[in-house]
Amino acid sequence: MAGCREMEMTNGSKGGLEFNPMKEYMILSTAQQIAVAVLCTLMGLLSALENMAVLYLILSSHRLRRKPSYLLISSLAGADFLASVIFACNFVIFHVFHGVDSKAVFLLKIGSVTMTFTASVGSLLLTAVDRYLCLCYPPTYKALVTRGRALVALCVMWVLSALISYLPLMGWTCCPSPCSELFPLIPNDYLLGWLLFIAILFSGIIYTYGYVLWKAHQHVASLAEHQDRQVPGISRMRLDVRLAKTLGLVLAVLLVCWFPALALMGHSLVTTLSDRVKEAFAFCSMLCLVNSMVNPIIYALRSGEIRSAAQHCLIGWKKYLQGRGSEGKEEPPRSSVTETEADVKTTTGPGSRTPGCSNC
């Protein structure tokens, strides 16, 4: 409650622009500030570039952006892009430059960070459900997962993420409620509610991917039994096993990146934290940025269709640069038929997938 009295006194002077109670959360040493600045800048920039590339490849391809699976991946890339930029900038400004904002501006910033990471986890859950349906109901997958349903699910997820994340900005702040020891102005009861919501999302992701891994384990045993024979469904089993390897990597990265920060948030609800623990939390929270950096590699760059689209873009840019370098030279006219044939060869190359479950 002492912090609440300081907050009330501060908010009553100069419109609350000098928000002194926030200084209690700026506990990093000079060496730690330098490390945070370097790590956040590098990871944030790399993550933003990766996710921006994925967004460009999907949205610039008429074929990819009409597929529900790639709409979900584009939502994940968009959320991770925003998370990379917003989190990295605000984290460095707060912990390194000790930027002080008014109450409303700070709550807007922390709400934006919360929304982007919440939307990222929500997009992961929708992608998990999509791959679960793709694996378990291949004959009816295209009828179950349509573009319209994918858009509706994404809209609901983003609206729900924004509503939950901006509750503190709408008035759910601490004082007289106990304040969080990790986040200025955020009450412990709100933090508990957000942790429960994230736990539900993670439970859904772990359940769906866990089921896929369990089914793939069964298929490994079947493949061992029928190794020298061709039996119906053997190609589908091999596809399940390959998918399971990707999903195992997904779960490992997800838990490694998120569990430390979530565990410390939960720990802060039941005990008083030392400065050492708060410093550890500052670095653990940057692991969520690592997750946003790794997601494009796992979900997008492992997709044959996105790799094919990337090759097509690189070929187009190379021809464009060669054309600019040879300006003034006459070139033989190219017919539209030739260009179309080149496009068909690119899109139907070894990276393309069969319809129905495009990114499995």
Side-chain angles (χ1 to χ4, degrees), residues 22 25-28 32-55 74-101 104-124 157-158 161-169 180-186 190-191 194-195 197-198 201-202 253-265 268 278-299:
M22 284 189 183
Y25 296 85
M26 302 171 181
I27 40 80
L28 298 183
Q32 291 170 338
Q33 291 173 13
I34 295 173
V36 164
V38 172
L39 290 174
C40 265
T41 302
L42 292 178
M43 291 191 299
L45 183 60
L46 181 58
S47 177
L49 290 175
E50 288 177 354
N51 287 287
M52 189 166 54
V54 172
L55 278 174
S74 65
S75 172
L76 176 62
D80 285 335
F81 171 78
L82 292 174
S84 303
V85 174
I86 296 174
F87 174 82
C89 291
N90 290 326
F91 201 75
V92 171
I93 290 173
F94 184 83
H95 283 291
V96 177
F97 297 104
H98 293 173
V100 176
D101 300 300
V105 171
F106 177 79
L107 290 176
L108 177 63
K109 286 182 176 181
I110 197 170
S112 299
V113 172
T114 306
M115 183 194 71
T116 53
F117 280 123
T118 304
S120 177
V121 178
S123 298
L124 287 173
M157 184 273 297
W158 275 93
S161 298
L163 180 63
I164 292 174
S165 301
Y166 286 116
L167 283 175
L169 182 61
S180 169
E181 293 192 60
L182 297 175
F183 305 101
L185 283 175
I186 302 301
Y190 170 80
L191 183 59
W194 183 80
L195 285 174
F197 178 70
I198 289 294
L201 297 183
F202 270 82
V253 171
L254 199 63
L255 292 176
V256 168
C257 291
W258 278 88
F259 181 76
L262 295 178
L264 288 176
M265 288 183 200
S268 71
K278 293 178 182 179
E279 292 167 359
F281 174 77
F283 284 91
C284 287
S285 61
M286 287 194 294
L287 288 174
C288 300
L289 190 59
V290 175
N291 185 232
S292 296
M293 184 175 64
V294 175
N295 280 339
I297 299 173
I298 298 176
Y299 285 91

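In what follows, every heavy atom counts, from backbone to side chain, and hydrogens, waters and symmetry copies are set aside.
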Is the distance from the ring center of Phe202 to that of Phe259 below 6.0 Å?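 No, ring centres 6.0 Å or more apart.
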Specify the closest pair of heavy atoms between [X] and [Y], including all atoms of both residues, with the distance to one decimal.
X      : Y      : answer
Ser268 : Leu191 : OG-CD2, 4.0 Å
Pro168 : Leu107 : O-CD1, 3.5 Å
Leu289 : Ser84  : CD1-CA, 3.6 Å
Phe106 : Pro184 : CE2-O, 3.2 Å
Leu76  : Asn51  : O-OD1, 4.5 Å
Cys40  : Met286 : SG-SD, 3.5 Å

Assess whether side chain to side chain contact (heavy atoms under 4.5 Å, CB included) is satisfied between Leu195 and Leu262, documenting all intermediate values. CA-CA 7 Å; Leu195 285 174; Leu262 295 178; 3.7 Å; yes
Closer than 3.5 angstrom, by distance alone: can the side chain of Thr41 be matched with the main-chain N or O of Val38 as a donor-acceptor pair? no
Side-chain (Ser123) to main-chain (Ala119) donor-acceptor, under 3.5 angstrom: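 Answer holds: yes.
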Rounded distance (nearest 0.5 Å) linking atom [atom1] of [X] with atom [atom2] of [Y]:
X      : Y      : atom1 : atom2 : value
Ile110 : Leu169 : CD1   : CG    : 11.0 Å
Met157 : Leu201 : CE    : CG    : 9.5 Å
Leu82  : Phe87  : CG    : CZ    : 14.5 Å
Leu108 : Ser165 : CG    : OG    : 11.5 Å
Asn291 : Leu255 : CG    : CG    : 10.0 Å
Phe197 : Thr118 : CZ    : OG1   : 6.5 Å

Tell me, with the steps shown, if Phe81 and Thr116 meet side chain to side chain contact (heavy atoms under 4.5 Å, CB included). CA-CA 9 Å; Phe81 171 78; Thr116 53; over 6 Å; no
Please enumerate all residues that pass ring pair (Phe, Tyr, Trp, His ring centres under 6.0 Å) together with Phe94, with sequence neighbours excluded. none
Give the intermediate values and the outcome of side chain to side chain contact (heavy atoms under 4.5 Å, CB included) for residues His98 and Gln33. CA-CA 10 Å; His98 293 173; Gln33 291 173 13; 3.5 Å; yes
Check the angle between the aromatic planes of Phe91 and His95 and answer parallel, tilted or perpendicular using the 30° and 60° thresholds. tilted
Given the rule in the ring-ring contact (aromatic ring centres under 6.0 Å, His included) test, do Phe281 and Tyr25 qualify, once you have shown the distances and angles that lead to the verdict? CA-CA 11 Å; Phe281 174 77; Tyr25 296 85; over 10 Å; no
State, yes or no, whether a side-chain contact exists between [X] and [Y] at a heavy-atom distance under 4.5 Å.
X      : Y      : value
Val54  : Ser74  : no
Phe97  : Val92  : yes
Phe117 : Val121 : no
Ser75  : Trp158 : yes

Looking only at the side chains, is there a donor atom on one of Ser47 and Ser292 sitting less than 3.5 Å from an acceptor on the other? no
Regarding Thr114 and Tyr166, is there a side-chain donor-to-acceptor distance under 3.5 Å anywhere? no
Among all residues two or more places apart in sequence or in another chain, which pass the side-chain hydrogen bond (donor to acceptor under 3.5 Å, both in side chains) test with Glu279? Gln32
Determine, stepwise, if the pair Val105 / Lys109 fulfils side chain to side chain contact (heavy atoms under 4.5 Å, CB included). CA-CA 6 Å; Val105 171; Lys109 286 182 176 181; 4.0 Å; yes
